[in-house]
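Report on the following structure.
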Amino acid sequence: MAGPLTVECPNCGGPVEWTEAARWRPFCSERCKMIDLGAWFTEERGIPGEEAPEAERDDDPA
Ligand SMILES: [Zn+2]
């Protein structure tokens, strides 16, 4: 198999040629990279109401 390997951009799903020239790989562009990192960063910081209340009780079923 000749030719560059092509992967999917994790952000937009577009084809990215896995070459030395593709400096933003696995993203297709700097923009996609920043968007993906931004989304990750936002998720990491702002988790709205994901805290589960203490539900595990040690009740005896018998
Ligand atoms: Zn992309």
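When a ligand or atom number is given, it counts from 1 through the structure's own listing order.
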When rounded to the nearest 0.5 Å, the distance separating CG of L37 from CD of E30 is 10.5 Å
Sorted by chain and residue number, the side chain to side chain contact (heavy atoms under 4.5 Å, CB included) partners of T6 (sequence neighbours excluded) come out as P15, E17
Note: with side-chain heavy atoms under 4.5 Å as the link, the other cluster members for L5 come out as V7, V16, W18
The protein N, O or S atoms lying under 2.8 Å from the Zn ion (ligand 1) are C9 SG, C12 SG, C28 SG, C32 SG
Any side-chain heavy atom of F27 sitting closer than 4.5 Å to one from P10? yes
One should read off an interatomic distance between W24 CH2 and K33 NZ, to the nearest 0.5 angstrom, of 6.0 Å
Side chain to side chain contact (heavy atoms under 4.5 Å, CB included) filter on E20, not counting sequence neighbours, yields R25
